[in-house]
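Just below is one structure, and these are the notes that go with it.
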Amino acid sequence: MKITSAKVFVGGPNKNYVTLKIMTSEGIYGVGDATLNNRETLPAHYLEEYLIPCLVGMDPRNSEDIWQYFYRGAYFRRGPIAMAAFGAIDMALWDIKGKIAGLPVYQLLGGKSRDGAMLYAHASGNDLEDLMDSIAYYREQGYQAVRVQCGIPGMPKGGGYAVADKGDTQNYITNFTGNGPKIETWNTDKYMRYMPDALGEIRDRFGWDMKLLHDVHHRLLPREAAQFAKEVEQHRLYWLEDPTPAEDQDALAFIRQHSTTPLAIGEVFNSIYDCNKLIQSNLIDFIRVSATYAGGITSLKRIVDLAGLHNVQTGFHGAPSHSPISMAAQAHINAWAPNFGIQEYLVLGTTECDALFPSEHKAQKGFFYVSDAPGLGVDFDEQEAGRYEFKRGYHPVARLEDGTVWNY
Ligand code: KDG
Ligand code: MG
């Protein structure tokens, strides 16, 4: 069995999804996702110009060897562009492997450890009341876990940390204004004064059964994050996400010394080496990597196994920054992983997205039920893809009130 050709498509409903399709001599094909949010053309070019020419003629069943060949062969290792490109190839090869075996990918990983995987939704609002309505809406839909973000009084409305993620599309294309990204203003003092009590009010309104998650989006300094984590301990968050920028991993040790609020990190990580120290030193509780940015199923499974050794649970990234193919790859790992925690969920469910990526996977009442179709269980409709073209988009950039650039 040989790989005969591969194609890359860029585009989608309100998102530039980067989709790889690998064809084989037996007529079986596999699909993978290389959507690097707001830098989408880069993994697409990497695939087209460097990787696909090497792939043609390889045996698609040797997914581990192919992963190592590209990872070590690049010489310059890691990085989100390369890892997204390798990730797409790896997902497509697992898809092919499952189709050859006639089995869903979770069976190749070790079978099911659970029926449905718990999801969390993004509840958000321009102010606290608006956020309360959003939480109530998701609770009515059956969700038992929500990420809660709201606008902060005295800060401009629509801050990315609060509401850019509202809705199902997370349409970063609209953040493109004139020559570049939208600018958002951030004020740590106002946030620190407001948010802990707001979390308390949410807890009072919705009780202890609702799992509450909160994402600081890398905005605090270590001492501020430690103080925040200590103050919100009483509200028993399911997790506090990205309290500080993850490059400074020692900051997590400092936060840990002051609080037992569970910490979730890793949506910007792209390899096991980014997670290694945090996991082995028990500095985090949830690992937030994704199949796309962290190099596919082969690489993600290694991270999950390492995490399991140290009682760290999974909480994979699931914003629509990457496509339903990546979500499907994660769904198979979620079905199997003994240390599964929770899955972020916003991707599937829009009519256009479902038409582009048809699948039998189901999100129902706050749980994700993986399809039993062979392979990843998600397809890619090339004809439908013809409706879309690449549109440049940016993440917003955050600045303090005096103009200083801050962490988005
Ligand atoms: O591309 C960046 C987004 O995926 C990110 O802003 C979403 O923080 C995020 C989250 O937790 O989903
Ligand atoms: Mg996040």
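By convention here, the first residue in the shown sequence is residue 1. Read the numbers this way: they start at 1 and go in the same order the structure lists the ligands and their atoms.
Within ligand 1, counting atoms from 1 as listed, the ones closer than 4.0 Å to a heavy atom of Arg147 are 8 (O), 9 (C), 10 (C), 11 (O). Which parts of ligand 1 touch Asn37 is read off a 4.0 Å heavy-atom cut-off, strictly below it: atoms 1 (O), 2 (C). For ligand 1 and His122, the ligand atoms under 4.0 Å from any heavy atom of the residue are 12 (O). In the vicinity of Asp215, heavy-atom distances shorter than 4.0 Å reach the ligand 1 atoms 8 (O), 9 (C), 10 (C), 11 (O). Interface of His395 with ligand 1, defined as ligand atoms under 4.0 Å from a residue heavy atom, comprises 1 (O), 2 (C). Contact atoms of ligand 1 toward Ser321: 1 (O), 2 (C), 3 (C), 4 (O) (distance under 4.0 Å to a heavy atom of the residue).
Using a cutoff of 4.0 Å between basic side-chain nitrogens and carboxylate oxygens, Glu184 and Arg399 are not scored as salt-bridged.
Residue His217 has at least one N or O atom closer than 3.5 Å to an N or O atom of ligand 1. For ligand 1, the polar-atom distance check against Glu344 finds a nitrogen or oxygen pair separated by under 3.5 Å. The distance criterion of under 3.5 Å between nitrogen or oxygen atoms is met by Arg288 with respect to ligand 1.
For the 3.5 Å distance criterion, the side chains of Arg236 and Tyr238 fail to qualify, holding no donor opposite an acceptor. Side-chain contact of Asn339 with Gln313: a donor-acceptor pair under 3.5 Å is absent, judged by distance alone.
Looking at Glu241 and the Mg ion (ligand 2) together, the shortest N, O or S contact belongs to OE2. Of all the N, O or S atoms in Asp215, the one closest to the Mg ion (ligand 2) is OD2. Restricting Glu267 to its N, O or S atoms, the one at the least distance from the Mg ion (ligand 2) is OE1.
At a threshold of 4.5 Å between non-hydrogen side-chain atoms, the residues His332 and Ile297 do not count as touching.
A cation-pi arrangement is not found for Arg61 relative to Trp94, the charged atom failing to lie both closer than 6.0 Å to the ring centre and inside a 45° cone about the ring normal.
Here the rule is side chain to side chain contact (heavy atoms under 4.5 Å, CB included) with Ile89, and of Ile52, Leu47, Thr298 only Leu47 fits it.
A 6.0 Å sphere centred on NZ of Lys230 holds no more than 12 heavy atoms belonging to other residues, nucleotides or ligands.
Contact record, Pro374 with Asp95: O-OD1, 4.4 Å, taken as the closest heavy-atom pair.
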